[in-house]
2 protein chains.
Amino acid sequence: MIKKVELTGVKEIARRANVSIGTVDRVIHNRKGVSDATRQKINLIIEEINYQPNKMASLLATKRNLNFAILIPKVSAETDYWTYPLNGIEQAGEEVKQFGIIIQYFFYDLDSRGSFNEAAEELLNCNPQAILLAPSFIEESTAVVKRINELNIPLVFINSDLPKQPSLTYIGPELYQSGRLAAQLTSLSIAHEDEIMIINISTDLENDHHLVRKEQGFRAYFNDSKLANPITTLNIYDTHIGSVEKSVLEALQQNPNVQAFFVTNSRVNIVAKILKKHNKTHSLVGYDFLKSNINYLIDGQINFLICQRPKEQGYLAIMALYKHLFNINEPEKAIYMPIDIITKENYRFYNS
Amino acid sequence: MIKKVELTGVKEIARRANVSIGTVDRVIHNRKGVSDATRQKINLIIEEINYQPNKMASLLATKRNLNFAILIPKVSAETDYWTYPLNGIEQAGEEVKQFGIIIQYFFYDLDSRGSFNEAAEELLNCNPQAILLAPSFIEESTAVVKRINELNIPLVFINSDLPKQPSLTYIGPELYQSGRLAAQLTSLSIAHEDEIMIINISTDLENDHHLVRKEQGFRAYFNDSKLANPITTLNIYDTHIGSVEKSVLEALQQNPNVQAFFVTNSRVNIVAKILKKHNKTHSLVGYDFLKSNINYLIDGQINFLICQRPKEQGYLAIMALYKHLFNINEPEKAIYMPIDIITKENYRFYNS
DNA sequence: TAACATAACGTGTACGTTAACGTAAAAACA
DNA sequence: TGTTTTTACGTTAACGTACACGTTATGTTA
């Protein structure tokens, strides 16, 4: 409980500059009423002692709240992936709430670009001091991000990046490498000549660069490792199970030597269900810690799930904004989540 | 930027209770000097208006330094495992520094119980307000922990637990399950009849319950999975490479059908070196993200490393103490780290 | 030169909480 | 009874920042 002795803050600056704290305050806030000479002197001292304003005192003095606005996909019935980032955001929200941070949530429908634009408009209307964005639709997001940057509001991307748009940081997966990892895991459970099938299931495959990057990584691994296993790709645009079942069975008939599947997103549980129904014991690798996926992992129908800490992504994103605004530290330009392998023997400790 | 209008805080409580804020403060902090009647009245009002102290004001008012004391093994030349928790601790230290938290470091030698006791004594002498402890030596640690608990200093265990001793939380691995995972990974790359060898390398094996638990988990997996692969254990007490080499080669001669090794700690790189030297291509699974291990992972000599986020352990431990002391939230009684699988395809993103 | 304007700076109060300090009254003791 | 101790409070000065307002000094104009 030793009292601090360091001299910091406006008072110390004022003392060194032989002015009052009022003057220092004016310099800090770029208000007029200070001669150029004193302004320079004070700025010099600010540099010298590396002055970091005490955000606590500041918030206390201004007695205002900070609004953080979140714009992410809504949790759909089809996949509960976004519950995890949301949980992380909420947890972080609890922790920073006492610093006057209030989180406002806006959700959009992954099937509707219109809903994205609407939600973005609402978001901007409530004048947030920080924004967390999952830019699923590239063009629409880019437009919104440009406006955000004009307003000079700190912005964090989550789950997908818009590398050309300036932002505080991107927090999310590195897709290519995760595809490579999927390939390595697949190669563990197949023989020399076995065929492999990559399954992309998405209504909007053309816009879903996630899947493409993963497939590229997957194929690159086999290339680089000089593994000659034939790899075919099956694109499925209708995500309903009946339609998927039909496609998969057809493809299996055409490629009877397929021994392993790689599903490039979290819909791997659909494939697992189908394989189980037809008593198939193919190797199966897919994505994401969803309940329905975990069940098939325990079951043995899915061999590996790859996961990139969705909850942590949300948590870290809020924390990055908080730390930025409170001058605690600045994040890296991009934070790539570790690429985790989930098996039936380690899933229990994954989200504790 | 909306101004708050609510009437909250000690002032409002004092107004409602017809007392001064000083009295309210005494009630809030459970200090004496208040009659039971007023205390009750105030507590009632606190409940009523659901009083949440303003942490910013609080932090500002108690401009005190909090000393956190850390007692962990020193980074040895032999293994740099402890650099990772240390990094995590330092990072957390940076982040909480502006709340007046100062971290003091004490290190002990893993080969010397005496050094542990000495360091612990020094630590207690500087009257820390929170302690982070890696209780490697059970008896010595227990004695120290008892004294710490008498002093009512919040304490977090890291890496190993002392379940019988009260503590704020334990942050570290769950060893049994990690052994099971090692077994699953081993089973991926061996055939039906292949033999497996578990290698424990430790000068003080009897005290190293870590290794024992992992071995138990490993064997349990094979039992539960009805896999009949013979498993033998090789205990090596002399950790020098020459001695390990001799032991391993001897054991290999006696068990020529061994196709896979499981090294129960981070010294797996020693075994990798030996196997490489003798051109052996056994399957090899071991522990920890150390540089020397990663090199053999890239090399292909090690198939999998299991890792339990050492850096995060340190980070979370400090944060748990900080959040406890600042009433942000209380941790779970035990926080088991996810059991991560590191391969040559995902190690790059593990510690970013 | 008086009256006034403005630039440049200082002062005071507030934010909500903490804790040291002061004090009146009650209780304990001689 | 008087004296000391204890109990139960109230008062007040910080903490670092923000900002309205007050105060000089230095012009500028009538």
Polar pairs (N or O, both sides) under 3.5 Å between protein and nucleotides 20-22 of chain D?
none

Task: Under 4.0 angstrom between B/Ser58 side-chain N/O and C/dG16 OP1 or OP2 - done: no

TODO: May I ask you to evaluate whether A/Ser35 reaches the phosphate of C/dC9, defined as a side-chain N or O under 4.0 Å from OP1 or OP2?
DONE: yes

Might you point out which heavy atoms bring [X] and [Y] nearest each other, and give the distance in Å?
X: A/Ile42; Y: A/Ile13; value: CG2-CG2, 4.0 Å
X: A/Gln129; Y: A/Asn65; value: OE1-O, 3.8 Å
X: A/Pro166; Y: A/Leu155; value: O-CD2, 4.3 Å

Nearest whole Å is fine: how far is [N] [atom2] from [X] [atom1]?
X: B/Gln52; N: C/dT17; atom1: CD; atom2: P; answer: 11 Å
X: B/Lys32; N: D/dT7; atom1: NZ; atom2: C1'; answer: 9 Å
X: A/Phe99; N: C/dC15; atom1: CZ; atom2: P; answer: 21 Å
X: A/Ile21; N: C/dT11; atom1: CD1; atom2: P; answer: 9 Å
X: B/Gln40; N: D/dA8; atom1: CD; atom2: C1'; answer: 16 Å
X: A/Ile46; N: D/dG16; atom1: CD1; atom2: P; answer: 16 Å

[X] side-chain proximity, nearest of [options]:
X: B/Thr23; options: D/dC9, D/dA18, C/dT18; answer: D/dC9
X: B/Val19; options: D/dG10, C/dT18, C/dG10; answer: D/dG10
X: B/Asp25; options: D/dT11, D/dA18, C/dA19; answer: C/dA19
X: A/Lys11; options: C/dG10, D/dC15, C/dT17; answer: D/dC15
X: A/Leu60; options: C/dA19, D/dT17, C/dC15; answer: C/dC15
X: B/Thr38; options: C/dG12, D/dC9, D/dG16; answer: D/dC9

Open item on the list: I want to confirm an ordering. Mapping B/Leu59 and B/Asp36 to their closest nucleotides on DNA chain D, which one lands closer to the 5' end?
Closed with: B/Asp36

Task: B/Lys74 side chain vs B/Phe107 backbone, donor-acceptor pair below 3.5 Å - done: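 Absent.
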
Open item on the list: What contact category does A/Asn54 fall into here, base, sugar-phosphate, or nothing, at under 4.0 angstrom with non-hydrogen atoms?
Closed with: sugar-phosphate

- [ ] Report which part of the nucleic acid B/Ile28 touches: base, sugar-phosphate, or nothing (heavy-atom distance under 4.0 Å, all strands).
- [x]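 Nothing, no nucleic acid heavy atom in range.
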
Open item on the list: Strictly by side-chain hydrogen bond (donor to acceptor under 3.5 Å, both in side chains), give each pair with a member in residues 160-169 of chain B just once, sequence neighbours left out.
Closed with: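 Every pair satisfying side-chain hydrogen bond (donor to acceptor under 3.5 Å, both in side chains) with a residue in residues 160-169 of chain B: B/Ser160-B/His210.
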
Task: Electrostatic pair A/Arg15-A/Glu12, nearest N-O below 4.0 angstrom - done: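 Yes, charged N to carboxylate O under 4.0 Å.
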
Open item on the list: Between B/Glu94 and B/Lys97 (salt bridge meaning N to carboxylate O under 4.0 Å), is one present in this structure?
Closed with: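 Yes, this pair counts.
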
Task: End-to-end axis angle, where each axis spans five pairs of the helix from C/dT1-D/dA30 to C/dC29-D/dG2, to 10° - done: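 Here the helix ends are tilted 60° relative to one another.
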
Task: Within 6.0 Å of CD in B/Glu330, more than 12 heavy atoms from elsewhere - done: yes

- [ ] Give a yes or no on this: more than 12 heavy atoms of other residues, nucleotides or ligands lie within 6.0 Å of atom CD of A/Glu139.
- [x]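 No, because the 6.0 Å sphere around CD of A/Glu139 holds 12 heavy atoms or fewer from other groups.
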
Task: B/Tyr322 OH to B/Asn329 CG distance, which is reported to the nearest 0.5 Å - done: 9.5 Å

